[in-house]
> 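Sharing a structure below in structure tokens format, with a few things to ask.
Remember, predicted model here, so these are calculated numbers, not experimental data.
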Amino acid sequence: MKYAYVLVHHIGDQGEAAEGRILHVSDERFRELGPDGSGLVRDATSEEVKAGYQPAFEKDGTTAPEILAEGGEGQKQKPAPSNKQAPEPKNKDA
């Protein structure tokens with residue numbers, strides 16, 4: 001058995017494998033997916049195995065101290081809606 005680091009996001013026989021994920025695969029499966037096979041995975045380093053899978057996420061640039069400095073209570077505030085007033089019904093007299 002080997003630990004494989006996924007280089008390319010793909011759908012395999014046992015489900016989806018995201019880029020950067022660490023898989024525990026048999027030697028035979030590693031030969032099929034590895035550099036000599038399809039090139040989807042490579043041998044994972046011991047540091048990568050210890051760290052595990054760390055998915056990427058998008059940051060909005062706001063940090064907790066900035067939120068608290070603006071008077072927030074640790075929660076991000078929703079942006080104010082552009083239209084707070086409901087439209088007047090056209091058949092109000094009916």
> At what distance, to the nearest 0.5 angstrom, does OH of Y53 lie from CD of E19?
9.0 Å
> Which pair of non-hydrogen atoms, one from A17 and one from R21, has the smallest distance, and what is that distance?
CA-NH1, 4.4 Å
> Work out which heavy atom in M1 is nearest to a heavy atom in D27; give both atom names and the distance.
N-OD1, 3.7 Å
> Please give me the minimum heavy-atom distance between V8 and G39, naming the atom from each residue.
CG2-O, 4.4 Å
> In Å and rounded to the nearest 0.5 Å, what is the CG to CD distance from L33 to E28?
10.5 Å
> Who are the side chain to side chain contact (heavy atoms under 4.5 Å, CB included) partners of A44, not counting sequence neighbours?
Y3, Y5, I22, E48, V49
> Hydrogens and angles aside, do H10 and E16 bring a side-chain donor and acceptor to less than 3.5 Å of each other?
no
> With a 4.5 Å cut-off on side-chain heavy atoms, are L23 and V6 touching?
yes
> Take a 6.0 Å sphere around CZ of R42 and say whether it holds more than 12 heavy atoms from other residues, nucleotides or ligands.
yes
> Sequence neighbours left out, what passes side chain to side chain contact (heavy atoms under 4.5 Å, CB included) with E47? Give chain and number order.
T45
> Can you name the residues that form a side chain to side chain contact (heavy atoms under 4.5 Å, CB included) with D36, not counting sequence neighbours?
none
